[in-house]
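Have a look at the structure below before the remarks.
Nothing here was measured: the structure is a model prediction, and the numbers come from that model. Values below: every heavy atom of this structure, side chains too, minus hydrogens, waters and symmetry copies.
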Amino acid sequence: MLYIKARFQDTGKIFQVEGVWDDGIKRDDLIVVSSEKGEEVVKVLGVSKQPSQIKATFLRKAKDEDILKMEENEKKAQNLYSLCKEKIAQHGLGMKLIKAYIPLDAGKVFFYYTSEQRVDFRNLVKDLAKVVKKRIEMRQIGVRDAVQMTGWVGACGDIPCCVRFSENFESISLKDIEEQNLPLSPAKFTGPCGRLLCCLAYERDNYMIRNLLPEVGTELCFKGKTYKLLYIDPPMDKLLVESEGKKEELSISSLLPYGYEKALRHCKSCGLCCRRAYKEDEAFINLQE
């Protein structure tokens with residue numbers, strides 16, 4: 001089964017479009033959907049075999065008046081962004097404003113912000129309401145969400161994965177760095193959001209075989225000899241061992257019993273290991289016109 005995917009213009013998050021009755025929908029089309037924020041104009045990315053946690057209902061292809069209204073709302077949102085930022089400074093609030101957003105139906109005005117602690121913004125909302133004359137919703141987001149919304153350049157020199165194609169944020173820890181034989185220097189593997197790089201999760205499958213091997217420093221008995229395990233290199237299918245003062249490389253697959261791959265497949269099916277990431281052009285197949 002294939003699922004039509006699109007991207008919200010305010011948060012940059014990818015979601016699943018449901019109830020599509022128009023067969024003429026194709027990639028890069030602008031469509032109008034109904035979400036929990038109201039009616040929104042979004043861009044179609046294509047189709048995917050994987051369902052999404054976030055969903056919105058298809059209403060229609062975006063008409064000229066929809067696009068004009070969207071552009072008008074964007075200009076109003078920019079003005080409200082400047083106003084809100086000014087009011088935040090006046091009230092001395094410890095929050096960083098990321099974006100102001102007005103949906104197509106203009107039922108609410110959304111202000112997205114980051115903060116390290118809870119913020120009492122009641123007086124701020126009162127001041128904004130005098131000008132906005134609409135319902136106001138303040139939404140606190142995480143630092144990774146902020147990068148996804150605003151865009152950035154990663155340490156690799158490319159657009160971060162969360163901006164390009166990622167649908168969910170994987171939980172990354174120092175264990176990922178350790179298992180991938182990388183130096184335990186978190187600063188070297190920190191993204192523009194200040195958190196550990198999401199792409200560390202993409203290599204987990206390659207290092208899964210370590211779950212079947214003993215810890216480094218363990219003594220092994222192989223072909224009648226005792227070895228001390230010094231280093232594990234799963235991508236190269238190699239182990240560095242030492243016996244009687246001599247170091248030697250062994251093949252990982254030569255130490256494991258026949259059919260060990262089945263154990264790895266079972267581990268994948270439990271859902272604890274992340275799926276390998278694909279480039280946007282591979283993750284989203286073009287819709288046929």
Side-chain angles (χ1 to χ4, degrees), residues 48-53 142-144 147-148 154-162 164-283:
S48 172
K49 295 180 180 179
Q50 296 294 330
S52 298
Q53 295 179 357
V143 289
R144 295 205 286 183
V147 170
Q148 188 177 45
C156 59
D158 205 346
I159 300 172
C161 301
C162 61
R164 293 182 59 202
F165 59 83
S166 296
E167 293 193 36
N168 303 303
F169 291 121
E170 296 284 349
S171 178
I172 312 296
S173 67
L174 292 176
K175 183 180 179 181
D176 291 295
I177 296 178
E178 184 179 3
E179 288 191 346
Q180 294 175 34
N181 298 325
L182 299 171
L184 288 174
S185 302
K188 294 183 178 180
F189 307 102
T190 299
C193 59
R195 300 291 188 267
L196 291 176
L197 294 169
C198 291
C199 52
L200 288 170
Y202 305 154
E203 294 295 324
R204 284 177 182 160
D205 285 1
N206 293 333
Y207 291 86
M208 197 183 305
I209 197 171
R210 293 187 66 140
N211 297 326
L212 304 180
L213 297 171
E215 297 290 334
V216 171
T218 304
E219 289 190 346
L220 308 174
C221 184
F222 181 63
K223 292 185 178 180
K225 294 181 64 176
T226 299
Y227 295 91
K228 183 178 181 181
L229 181 58
L230 302 178
Y231 188 78
I232 304 174
D233 189 354
M236 299 300 293
D237 189 37
K238 291 181 180 179
L239 297 175
L240 180 63
V241 296
E242 184 179 25
S243 178
E244 299 177 353
K246 295 182 180 180
K247 295 182 180 179
E248 183 181 348
E249 285 188 350
L250 299 178
S251 168
I252 293 177
S253 55
S254 67
L255 273 74
L256 296 177
Y258 176 77
Y260 71 88
E261 298 91 346
K262 295 180 181 179
L264 296 180
R265 287 198 295 270
H266 175 72
C267 180
K268 289 182 183 180
S269 67
C270 70
L272 296 178
C273 302
C274 71
R275 293 178 291 106
R276 183 173 304 282
Y278 296 95
K279 296 180 181 179
E280 183 175 318
D281 289 341
E282 295 171 340

Considering only heavy atoms from C-beta outward, does the side chain of R210 approach that of I252 to under 4.5 Å? no

Would you mind reporting whether S166 and C198 have side-chain heavy atoms less than 4.5 Å apart? no

For K228, salt bridge (charged side-chain N to carboxylate O under 4.0 Å, His left out) partners two or more places apart: none

Could you pull out all residues at least two apart from E248 that satisfy salt bridge (charged side-chain N to carboxylate O under 4.0 Å, His left out)? none

Under 3.5 Å, which donor-acceptor pairs link side chains of residues 171-179 to any protein atom two or more places apart or in another chain?
{"unit_1": "S173", "atom_1": "OG", "unit_2": "K175", "atom_2": "N", "d": "3.3"}
{"unit_1": "D176", "atom_1": "OD1", "unit_2": "R204", "atom_2": "NE", "d": "2.7"}
{"unit_1": "D176", "atom_1": "OD1", "unit_2": "R204", "atom_2": "NH2", "d": "3.4"}
{"unit_1": "D176", "atom_1": "OD2", "unit_2": "S173", "atom_2": "N", "d": "3.1"}
{"unit_1": "D176", "atom_1": "OD2", "unit_2": "R204", "atom_2": "NH2", "d": "3.0"}

Non-neighbouring partners of [X] that pass side chain to side chain contact (heavy atoms under 4.5 Å, CB included), sequence neighbours left out:
X: C193; result: V143, R144, V147, R195
X: K188; result: S185
X: T226; result: E219

Could you report the tightest heavy-atom contact between Y207 and P234, atom names first, then the distance? CD2-CG, 3.6 Å

What is the minimum heavy-atom distance between T218 and E215, and which atoms define it? OG1-O, 2.7 Å

Mark yes or no for whether E242, through its side chain, and L230, through its backbone, hold a donor-acceptor pair below 3.5 Å. no

I'd like to know whether L239 forms a side-chain contact (heavy atoms from CB on, under 4.5 Å) with L213, so could you lay out the CA-CA distance, the side-chain angles of the two residues, the decisive distance to 0.1 Å, and finally the verdict. CA-CA 10 Å; L239 297 175; L213 297 171; 4.1 Å; yes

Under the side chain to side chain donor-acceptor pair (under 3.5 Å) test, residues paired with S251 that sit two or more places apart: D237, S253

Contacts of S52 meeting side chain to side chain donor-acceptor pair (under 3.5 Å) (sequence neighbours excluded), chain-then-number -> K5, E167

Could you give the distance from [atom1] ([X]) to [atom2] ([Y]), rounded to the nearest 0.5 Å?
X: M236; Y: Y231; atom1: CE; atom2: OH; answer: 10.5 Å
X: K225; Y: K246; atom1: NZ; atom2: NZ; answer: 7.5 Å
X: F165; Y: I159; atom1: CZ; atom2: CD1; answer: 11.0 Å

Verdict with reasoning, L240 to D233, per side-chain contact (heavy atoms from CB on, under 4.5 Å): CA-CA 8 Å; L240 180 63; D233 189 354; over 6 Å; no

